Every structure is written in structure tokens, then in C-alpha cells.
> 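Submitted below is the structure of interest, expressed as C-alpha cells.
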Amino acid sequence: MQFHHHGYVSGDPRIQPAAGVGLNRPDELPDEVDVLIVGTGPAGITLAAQLSQFPDVTTRIIERRPGRLEVGQADGIQARSVETFQAFGFAQRITEEAYRITEMAFWKPNPEQPGDIIRTAVAPDDPSGVSEFPHLIVNQARVQDYFLEFMKNSPTRNRPDYGWEFVGLEIDPEGGEGPVSVTLRRTAGADEGTERVIRAKFVVGGDGARSKVRDAIGRKPVGDQAFHAWGVMDVLADTDFPDIRRKCAIQSHDGGSILHIPREGNHLFRMYVDLGEVPHDDSGKVRLTSQEEVERRANQILHPYTLTVRHVAWRSVYEVGHRVTDRFDDVPAEEVGSRTPRVFIMGDACHTHSAKAGQGMNVSIQDGFNLGWKLGHVLEGRAPLSLLDTYSAERQVVAQNLIDFDKEWSSLMAARPDEMADPAELERFYVQTAEFPAGFMTEYTPSLIVGTADHQDLATGFPLGKRFKSAEVTRVCDGNPVHLGHHARADGRWRIYVFAGHDGLDPASETAGLGRWLGESPESPLAATPAGLDTDAWFDAKVIYQQPHLDIDITTAPEVFLPRTGPFQVIDHEKVYAADPRHDVFDARGIDRDGVIVVVRPDQYVAQVLPLTARDELAGFFAQASPKASRS
């Protein structure tokens with residue numbers, strides 16, 4: 001965490017100085033906004049949090065409830081989400097209060113007495129170490145609380161406008177300053193029931209599986225229903241089941257299955273209880289299944305163990321459905337590239353699936369992170385309108401991959417053990433596919449913000465289009481061991497990591513020459529930063545040398561890696577790093593010893609890998625994503 005560069009901070013350093021629209025922010029919804037977000041679920045709240053870092057962008061997020069979410073539906077936090085929380089500054093705090101999953105137990109019928117279950121295997125949760133962050137369980141409401149705190153402390157001082165619901169919208173084909181007219185209805189307060197119209201440049205629907213925003217732009221969920229129901233309950237209970245504090249997949253002989261998940265705080269736990277097949281003509285009647293029936297089913301599956309529920313914190317009954325919306329914005333497929341999207345949908349509004357793979361909240365968070373910086377860059381004039389086309393193009397593929405994965409996982413969970421060709425199929429699938437649910441199989445294809453893999457061999461551990469996998473390095477200024485990626489905040493900046501060549505300390509080296517070019521050349525991407533802003537306001541450039549940190553004289557590093565910041569223009573010394581001999585990043589990430597440039601997007605995905613000499617290619621990559629490249 002960096003602070004004091006604006007002067008001495010005696011209070012909470014997480015509270016940023018108010019700026020832009022955060023100065024004298026009105027309590028009431030204004031008549032015109034840049035971005036209107038509908039729904040404070042995981043996708044909407046992440047989007048709002050990211051946009052809160054753009055001081056000149058007016059963002060408002062509405063919610064039909066009268067106040068904050070108190071009991072959340074989702075609770076699984078995959079490691080990729082915790083990486084994202086690090087960028088928003090609360091990974092450590094939420095980890096402290098969460099339940100950490102380190103292994104998963106598998107229970108099956110006892111071959112000698114099929115009516116009883118026995119533990120057959122215990123598998124590690126992350127056997128390959130795909131992230132330095134853990135797999136957590138914590139209430140969705142708490143996740144949203146942390147994002148709300150981030151928004152409140154941001155320069156824009158953003159916060160939700162509760163008690164408003166979306167009614168409809170109209171898009172002006174002629175465009176203009178506020179091309180989307182949105183009708184809202186008051187759902188709380190003395191003026192409940194009244195309607196008003198506000199104008200927005202962009203509207204984003206994060207309003208759930210029954211999204212009215214999705215309906216307003218004519219988008220349709222495509223997919224099918226599995227006709228299989230589950231009862232889910234967060235409870236406090238007495239039980240003699242020995243793995244009550246361990247994540248479990250429990251398959252009985254003839255009573256169905258349970259996915260068991262311990263919750264944060266030691267005592268609470270969640271069970272997804274198999275309610276069996278649902279007739280095609282059920283018409284939703286299964287959703288009326290009583291809590292008593294869910295508990296009876298749970299005890300049947302757990303036999304010979306028993307479960308006596310003492311308190312129900314939350315419960316629901318749902319049917320598994322697998323659907324992906326045909327597009328994630330309002331532009332028809334035949335008009336992509338010729339018309340700017342004005343309305344977007346995220347989260348459950350565009351992908352629905354079972355809850356048992358722990359993906360809903362996690363994928364929704366990445367939807368919001370993906371779209372947030374793109375809207376911010378376009379609205380601040382930092383990127384062309386065509387950047388917004390990449391949201392649907394990138395996230396729809398991810399959603400479809402999720403649906404394909406969840407179909408297989410949920411069918412395995414629902415299957416009887418004696419129906420499987422291999423009794424260990426479920427646990428093997430869990431281990432072999434661990435990287436997908438953890439959130440690390442997303443791989444964006446080449447576009448104006450993802451380059452081609454011409455030089456991928458120079459940094460094999462940073463695959464293009466995949467998230468930047470952090471690694472340990474030594475900070476030169478103070479000798480502290482740190483994770484390189486943990487310094488990257490959700491501040492909307494591009495990252496340019498310069499991994500120095502073996503001769504990088506030589507003033508005549510390619511590393512030094514590149515540093516001078518980045519800081520001085522009018523062709524450098526950094527030259528696009530407007531006058532009056534800090535030199536690193538739009539681009540965060542760092543250098544990582546191969547030599548031990550004590551062999552590096554930090555004062556000789558190119559000035560671009562020692563930028564001056566804040567009103568007093570003091571030097572930021574935290575952008576010069578050295579390889580840690582105990583965990584050499586060059587070896588760990590397959591980095592060529594002649595040096596490499598790795599460009600990372602504001603949402604932490606690798607955008608380009610280039611040799612140190614590729615200055616024209618680096619300039620060209622950013623030129624295609626500059627405002628000058630915008631269509632009308």
C-alpha cells in the first residue's frame with residue numbers, strides 16, 4: 001500500500017482523496033450519468049468498484065432492495081477471485097475471516113453394507129499450486145461489503161442507490177450525449193411507486209437470471225434444463241458425521257448425493273442435498289419442497305450418521321439449468337464492428353448453471369472486472385469505442401466453457417456410484433480439472449488488446465491471453481521479498497514489466513535503452529499520458545533485474561522506473577526489482593535471459609510478450625488501442 005505522496009496521512013490510508021465527481025457528489029440520482037449499473041450482485045458491484053477509480057466518470061449503481069445484501073446465495077471464492085481481491089486491496093482481510101479449503105473428502109457406499117457411507121478418498125484442493133492464494137468460503141454479502149467499502153473510499157465516493165428498480169429503456173439510434181433513456185421505479189421510501197427517467201451513455205445489467213435489462217435488449221438465454229433439483233441450506237446442526245468441517249462429495253447407494261461445504265466461523269455449514277429427478281411437467285412445484293423433507297433426504301444420504309438441524313440461516317430449492325445468452329451486449333451479430341454497444345449484461349443475466357462448482361460469483365466478478373476498465377478508458381478518452389466490442393467477445397466464450405464444465409461436474413455429482421464405469425471417476429475429475437474452477441483456464445484470443453504469440457517462447461510462463469501469474473522477487477529499495485503481481489492495483493493502469501537482460505545494469509544495454517525510450521520518446525506508449533498527470537498515471541512500468549538486489553545501484557535505473565508522483569513529485573522507489581535467488585522468476589516463468597517485455601492489461605491478463613528490441617511493435621500494439629483508432 002502506497003500513501004503519504006500527497007502529504008502526511010494520519011487516518012486510514014485506504015481512504016483516497018476525493019476527486020472529480022466525488023467532490024460534492026449528490027445524494028439523489030442525477031438526471032444524466034455516464035454509466036448506470038442495474039443490480040448490486042457480484043458482477044455489478046465489481047464493475048462499480050472498478051469504475052470508482054475513474055474520477056471523471058459519473059457512475060451510479062441501483063438496487064431494488066432497500067439496503068445492503070444481508071444473506072448471500074453464493075459462498076465459494078476461487079483463487080482467481082482472491083487474486084482480484086488483492087487488486088482491490090482486501091484479499092488479506094477477507095482471507096482472515098473465511099474458511100479455507102485445502103482438501104476434499106469423497107464418501108461412497110460401503111461395499112460390504114451399501115446402506116452406509118464410508119470415506120473412500122481425500123484429495124488436495126490445489127495439488128499443482130496454480131496460485132499463491134487460497135480457495136475460500138465466505139458469504140457473498142461479505143464479499144460485497146468489501147467492494148462497497150472500496151467504492152466508498154474511492155476518489156468518486158460511489159455508493160449504491162437503494163430502492164430503485166429497472167422498468168425499461170430506449171436507445172436513441174442517433175446517439176448523442178446520453179443515448180440510453182432508462183425508466184426507473186421507486187421501491188422504497190415515502191415516494192414508493194413513483195417513476196422517473198434518467199439518461200445514460202451506457203447501461204449495464206447485473207440484475208440476475210430473470211434480468212429485465214436482458215429482456216429490454218432482446219437477448220435470449222440459450223440452453224436447457226437438467227430436470228434435477230437440489231435443496232440447499234446453511235445451517236447450524238448437531239451431527240456425528242466426522243468430516244463436517246471438511247468439504248465433501250457424498251454419494252449414497254440409493255438416496256442421492258450431497259455436496260457439503262463448511263462455512264466461515266467454524267460452526268455454520270452448507271449442504272446441497274439431492275432431491276432427485278424432476279418431472280418435465282413439474283412447473284416449479286419442486287421449489288415448494290419443505291425444509292423438513294430436505295433434512296430427511298440429508299439423513300438418508302448420510303446414514304449411518306445423523307444430522308439434527310438447530311438453526312437455518314438460509315435455504316433454497318433450485319433446479320439445475322445450463323444457459324448462455326446469445327450475446328452480452330445490445331449489438332446484433334451482423335452489426336458488430338459498425339455500431340457501439342450501449343447496453344451490456346453480466347453475471348447471471350447471461351450465464352446460469354448449477355451452484356455446485358462454485359462458479360457463479362467468481363465468473364461474475366471477472367465479468368465486472370473485464371468490463372469496468374474498458375468503460376473507464378473509453379469514457380476518459382484513453383481508448384477507442386471499439387474496445388467495448390471485446391467484452392462480449394471475450395466473456396461469452398468463458399461462459400460457454402463454464403456451462404460445458406458444469407454439465408459434466410453436476411451430472412457426476414448426481415450420478416449413483418454403481419452407474420459409473422469407474423468408482424473413482426468423480427474424485428479424478430475433481431483433481432484433473434482443478435485449474436478450471438480455480439479460474440485459471442480463461443485464455444483470451446488475439447484482439448486489439450491481446451497480441452499474437454510470435455514471441456511466446458521468450459516467456460513461456462506468461463501465456464498470452466491468460467492471467468498474469470505472479471512470482472516472488474526482491475524489491476531493490478529495501479530488500480523485501482514481495483510478489484510481483486501484488487503491487488498491481490485495480491486502478492485502470494496498463495502494466496509494462498521489463499525483465500532485464502543479463503547485462504541489464506550496463507548503461508549501454510538494451511534494457512537501459514528501452515527504459516530511456518519508454519520515458520523520453522514521443523513514440524512510447526507513455527507519451528499518451530496527458531500533461532499535468534503523473535508520468536505513471538496511465539502506464540505502470542517496472543523493471544526486474546537478474547542480479548542480486550545488493551548488486552544493484554537503484555539510482556542508476558532509468559528514470560521511467562523511478563517516476564515522480566503526487567503534488568510534491570517525490571520518487572516512487574518501488575518499481576525496481578531483482579530476481580530472488582531462492583525463487584528465480586526467470587527460471588520459474590521461463591523468461592529468456594536476454595530480456596523480455598511483458599505487457600499486462602488492467603484486469604491482470606497478459607496482453608503482449610516482446611523482445612527488448614521490439615519498440616516499434618510495442619508502440620504499434622498500444623496505437624491500435626488508442627483513441628485515434630476509434631470508429632465514429
Side-chain angles (χ1 to χ4, degrees), residues 2 5 451 455 458-459 462 468 471 473-479 482 484-485 487-488 493-531 533-566 569-580 584-586 589 591-601 606-623 626:
Q2 291 190 340
H5 51 294
H455 304 287
L458 299 180
F462 292 127
F468 180 81
V473 292
T474 302
R475 197 163 54 201
V476 170
C477 66
D478 56 13
V482 295
L484 185 60
H487 195 203
R493 290 188 293 175
W494 285 86
R495 264 78 201 181
I496 301 175
Y497 295 96
V498 176
F499 291 89
H502 52 80
D503 60 348
L505 296 178
D506 187 339
S509 67
E510 290 292 348
T511 302
L514 174 64
R516 289 190 292 270
W517 178 83
L518 282 171
E520 301 170 7
S521 173
E523 301 302 317
S524 165
L526 279 65
T529 305
L533 297 182
D534 289 340
T535 57
D536 65 346
W538 283 14
F539 299 90
D540 179 17
K542 294 178 168 66
V543 63
I544 304 93
Y545 292 105
Q546 298 182 34
Q547 290 77 10
H549 74 282
L550 291 176
D551 292 349
I552 300 169
D553 180 355
I554 195 171
T555 64
T556 65
E559 290 186 10
V560 71
F561 305 123
L562 295 167
R564 294 183 177 274
T565 184
Q569 289 296 282
V570 292
I571 293 175
D572 181 352
H573 292 90
E574 296 191 352
K575 300 194 178 191
V576 181
Y577 300 90
D580 184 336
D584 192 310
V585 63
F586 286 81
R589 297 293 176 265
I591 299 170
D592 193 288
R593 292 287 174 175
D594 287 335
V596 183
I597 305 167
V598 177
V599 179
V600 179
R601 299 174 3 171
V606 178
Q608 187 60 284
V609 173
L610 296 168
L612 298 180
T613 55
R615 299 174 193 175
D616 290 344
E617 291 93 329
L618 183 63
F621 174 77
F622 281 107
S626 74

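Since we're looking at a predicted model, the values are computed, not measured.
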> Evaluate the criterion side-chain contact (heavy atoms from CB on, under 4.5 Å) for residue pair Asp478 and Arg475; output intermediate values, then yes/no.
CA-CA 6 Å; Asp478 56 13; Arg475 197 163 54 201; 2.8 Å; yes
> Between Arg601 and Arg493, is a side-chain contact (heavy atoms from CB on, under 4.5 Å) present by the stated rule, with each step listed?
CA-CA 8 Å; Arg601 299 174 3 171; Arg493 290 188 293 175; over 6 Å; no
> Show, in sequence, the C-alpha distance, side-chain angles and deciding distance for Asp580 and Val473, and conclude whether the side-chain contact (heavy atoms from CB on, under 4.5 Å) test is met.
CA-CA 5 Å; Asp580 184 336; Val473 292; 5.6 Å; no
> Hey, mind stepping through Leu550 and Ile552 against side-chain contact (heavy atoms from CB on, under 4.5 Å) and telling me if it holds?
CA-CA 5 Å; Leu550 291 176; Ile552 300 169; over 6 Å; no
> Val560 and side chain to side chain contact (heavy atoms under 4.5 Å, CB included): which partner among Leu518, Thr535, Asp536?
Leu518
> Go through the steps to decide whether Phe462 and Tyr497 satisfy the test ring pair (Phe, Tyr, Trp, His ring centres under 6.0 Å), and finish with yes or no.
CA-CA 11 Å; Phe462 292 127; Tyr497 295 96; 7.6 Å; no
> Using a cut-off of 6.0 Å, state whether more than 12 heavy atoms not belonging to Asp553 lie near its atom CG.
yes
> Got a donor-acceptor contact below 3.5 angstrom from the Ser521 side chain to the Glu523 backbone?
yes
> Would you say the side chains of His502 and Tyr545 form a donor-acceptor pair under 3.5 Å?
no
> Between Asp534 and Gln569, is any side-chain donor less than 3.5 angstrom from a side-chain acceptor?
yes
> Are side-chain heavy atoms of Val585 and Ile591 found at a separation under 4.5 Å?
yes
> Would you find a donor on one side and an acceptor on the other, under 3.5 Å apart, between the side chain of Gln547 and the backbone of Leu505?
no
> Taking atom types as modelled, find out whether Asp572 and Thr565 have a side-chain donor-acceptor pair closer than 3.5 angstrom.
no
> Give a yes or no answer on whether the side chain of Gln546 reaches the backbone of Ala500 with a donor-acceptor pair at less than 3.5 Å.
yes
